[in-house]
Amino acid sequence: MSDQNKPTQENNEKPIENTSNQPAEKTDVSSQNNNPQEDHSPEESLENAMVEESTQDSSQSTSVENSSEKEEFSSNATQDGSDEKSESGDQTSSKEDEHQKSIDEANAEENEDDDNAKRHDILMKEYETMSIDELVLELKKLLKEEKVQNIRDHVNQIKTEFDKQFNAIVEEKKEEFIAEGGNIIDFHYSSPVKKEFYETYFNYREKRDNYYSQLKKNLNQNLSVRLGIIEELKNMIGSGESMSASFQQFKELQERWQNAGPVPKADYSTLWNNYHHHVERFYDFLHLDREFRDMDFKYNLDQKLKLITRAEELVEDDDVNRAFRELQLLHKMWKEELGPVAKEYRDDIWEKFSEATKKIHDKRHEYFDKLDEEREDNLKVKLDVIEQIQKIADKDIKSHNDAQQKIKNIEKLRDIFFKAGKVPRKDNEKTWDQFKSATRSFNKKKNNFYKNLKKEQFENLEKKRELIKIANEHKDSNDFDASTPLMKKIQNEWKQIGHVPRKDSDKIWKEFKDACNHYFNRFHEHKREDNKEEFEAFNQKKDLVAELKQVNLTGSDEEKINQVKAFIEKWNELGNVPNHKRYIEGKFYKALDQLFKDIDISRKEAELIKYENKLQDLDETTDTRKIKREETFLRKRIDETVSEKNQLENNLQFFSSDNKDNPVVNDVRNKIKKLEEDLDMWKTKLDKIRRL
């Protein structure tokens, strides 16, 4: 109860009340919330606007701190504190009215469903930092472990964040679909995680609606009981009962009123005003017997002083939200459970209670201001992420690998953005829009790149199909002189053409390779027929190399040299081999080198013996260009040897004559000596070439 003044003649007029036993008409709870995007349960809490900062910024809400509307009661049903102060002629400040109004609104909600207060004990996590998979798991966990009526704020935040992230994914997929040439009418995207989330979410709504449907019935029943109590209170005045009996009956009605249970929030204020109007009338009637009234005044004063003491203790509580919730309970007790006090104490105790209330609110303001400062740091992180994404989006994509690297970088930045935490409410939408704009800009550039890349790949596909056509037309040709250069040409062109769509790559390569292999297998078979003698010579030379590897030279060095020369002469008699089999000559010379190791002969002499074989080939050739190429090669080798020898001799000048035993100096001298031998050999070969 609130402290009341002595009623005037105006107070005796009919109060504002619902005289029927039926609750006021309200929207059916079970029929609400069919739109998943706009889901508001019947338990619209004060914390939606004020306590839970993630749902409503403290600077913009219609909460305790920010409501500028002043709650006005009729002259028949004034507020306790307001009435006490009006008795002294003072007016409550606008800010105090705001504080009291918001507390009254919160009490109305808690009165409707007193189990709602327990939702404050459930940890409100940083849902903005979670992925969509983590949000699904969190929703399932809440639904399994907590009462459905206590998780509304948590579910709403989870759903808001899930929809925001999933819609961003859908937008990205839509842009990719359109970039690939799809029609927006045909676009559809879904995923198992969305199905799982909404199955869990609609399970929550079903349980919630069932709960509030039953709660509505209970609230209406309690409303009927309370309206009946008001009727009994009205009938007590002037009933003819003794003061003692009337006061006892009044106390019983008070107790029944307190135990009657919650009523619909929409009826709370009117019901309370009507009840207190008739309580005022009863006290006006009771003032005829001052003994009963003074005794009740004293009890109410003692209890309200205790509430003031507790409110002053709450000012020191570090948990500002917990202090505010308990302050709501204190105001509820002051207003609903306690009656008026003596007139001389009314202003004083209300001022003390209001002062403690104001301090708690101011402290809470500071808490939200500090929270906003912390979120400014999160805002800086997110703005930096947006800037980095925009920088990536502004750069051209040069290749597939470049695109993939940029995609990975964007994904890392997206993770940082979502894990950065909440930003001030005033910046939330703007920041999200900037983030979407930057990522959309990159996705558009990425999609355009791959769209153009696919166009280029399709053009390459057509070029390669044309080459396949040419290869198939000539794969059975017998005009090898004309077709062979053409087939080699289209093979080179194939290498120069870029990528084709992956789904076609293996198929067209197989077609082209089969056609080319078919032709060149025929070509080599033809060459084998034309060069039968050369292939036979190759086989015989291969056998000769094998024989050389097994031979053991005997006799004097001169006899051994003659045996080697015999092998060389036999090699020359076998004739030429196919060009692509010329590698056998290298194996032959290598086998000769092994034989020379068993002969006391200089490296120069050995090289010249082997060179006689080459001289014979050049002497018999009709192609003078071969002789010219050999002469050019020998001149080049002479120049290189001279240059290297001069360099080593210059280096040797840096060492003094006392360094004769220096291993480095000796190594240089040995190299110079070897180069001099090589130079003599190259000059001898050149002289022999000139004689041809």
Next on the checklist: Any heavy-atom pair between the side chains of Gln149 and Tyr212 that's under 4.5 Å?
Outcome noted: yes

Checklist entry - Do Phe250 and Val279 have side-chain heavy atoms sitting under 4.5 Å apart? => result yes

Item to check | Side-chain heavy-atom pair Tyr299, Met295 within 4.5 angstrom cut-off | outcome: no

Checklist entry - Is the number of heavy atoms from other residues, nucleotides or ligands within 6.0 Å of CD (Glu145) greater than 12? => result yes

Checklist entry - Tyr211 versus Leu215: any side-chain heavy-atom pair under 4.5 Å? => result yes

Item to check | Minimum side-chain heavy-atom gap Leu329-Arg325 below 4.5 Å | outcome: no

Checklist entry - Which is it for Val381 and Asp377 under the side chain to side chain contact (heavy atoms under 4.5 Å, CB included) test, yes or no, and what are the steps along the way? => result CA-CA 6 Å; Val381 172; Asp377 293 335; 5.9 Å; no

Checklist outcome for this item: Taken in chain and number order and not counting sequence neighbours, the residues that satisfy side-chain hydrogen bond (donor to acceptor under 3.5 Å, both in side chains) with Asn218 are Gln214

Checklist entry - In terms of ring plane angle, is the pair Phe353 and Trp334 parallel, tilted or perpendicular, where the classes change at 30° and 60°? => result parallel

Next on the checklist: Tell me whether Arg226 contacts the main-chain N or O of Trp257 through its side chain, where contact means a donor paired with an acceptor under 3.5 Å.
Outcome noted: yes

Next on the checklist: Salt bridge check, Glu355 against Lys358: does any charged N sit closer than 4.0 Å to a carboxylate O?
Outcome noted: no

Checklist entry - Taking Glu134 for the side chain and Ser131 for the main chain, is one N or O donor matched with an acceptor at less than 3.5 Å? => result yes

Checklist entry - Asp348: what forms a side-chain contact (heavy atoms from CB on, under 4.5 Å) with it, not counting sequence neighbours? => result Lys352

Checklist entry - What residues form a ring-ring contact (aromatic ring centres under 6.0 Å, His included) with Tyr345, not counting sequence neighbours? => result none

Item to check | Set of side-chain hydrogen bond (donor to acceptor under 3.5 Å, both in side chains) partners for Glu366, sequence neighbours left out | outcome: none

Checklist entry - What residues, two or more places apart in sequence or in another chain, satisfy salt bridge (charged side-chain N to carboxylate O under 4.0 Å, His left out) together with Arg256? => result Glu232

Next on the checklist: Which residues pass the side-chain contact (heavy atoms from CB on, under 4.5 Å) test with Lys207, not counting sequence neighbours?
Outcome noted: Leu143, Val148, Asn203

Next on the checklist: Under the rule for salt bridge (charged side-chain N to carboxylate O under 4.0 Å, His left out), what residues qualify as partners of Glu171, not counting sequence neighbours?
Outcome noted: Lys174

Checklist entry - Can you list the residues that meet the ring-ring contact (aromatic ring centres under 6.0 Å, His included) rule with Phe162, with sequence neighbours excluded? => result Phe166, Phe197

Checklist outcome for this item: Hits for salt bridge (charged side-chain N to carboxylate O under 4.0 Å, His left out) against Lys298, two or more places apart or cross-chain, chain-then-number order -> Asp302

Checklist entry - If only atom types and distance count, is the side chain of Lys306 paired as donor or acceptor with the main-chain N or O of Leu301 below 3.5 Å? => result no

Item to check | Sequence-distant partners of Lys430, salt bridge (charged side-chain N to carboxylate O under 4.0 Å, His left out), two or more places apart | outcome: none

Checklist entry - Under the side-chain contact (heavy atoms from CB on, under 4.5 Å) test, which residues partner Glu312, sequence neighbours left out? => result Ile308, Ala356

Item to check | Met130 side chain near Leu137 side chain, heavy-atom distance below 4.5 Å | outcome: no

Checklist entry - Are any side-chain N or O atoms of Lys363 and backbone N or O atoms of Asp317, one a donor and one an acceptor, separated by less than 3.5 Å? => result yes

Next on the checklist: By the definition side-chain contact (heavy atoms from CB on, under 4.5 Å), identify the one residue from Val136, Leu142, Leu135 that meets it with Glu138.
Outcome noted: Leu142

Checklist entry - Are Asp384 and Lys380 close enough for a salt bridge, meaning some N to O gap below 4.0 Å? => result no

Item to check | Lys436: side-chain contact (heavy atoms from CB on, under 4.5 Å) partners, not counting sequence neighbours | outcome: Trp432, Asp433, Arg440

Item to check | Neighbour count >12 (heavy atoms, 6.0 Å) for atom NZ, Lys251 | outcome: yes

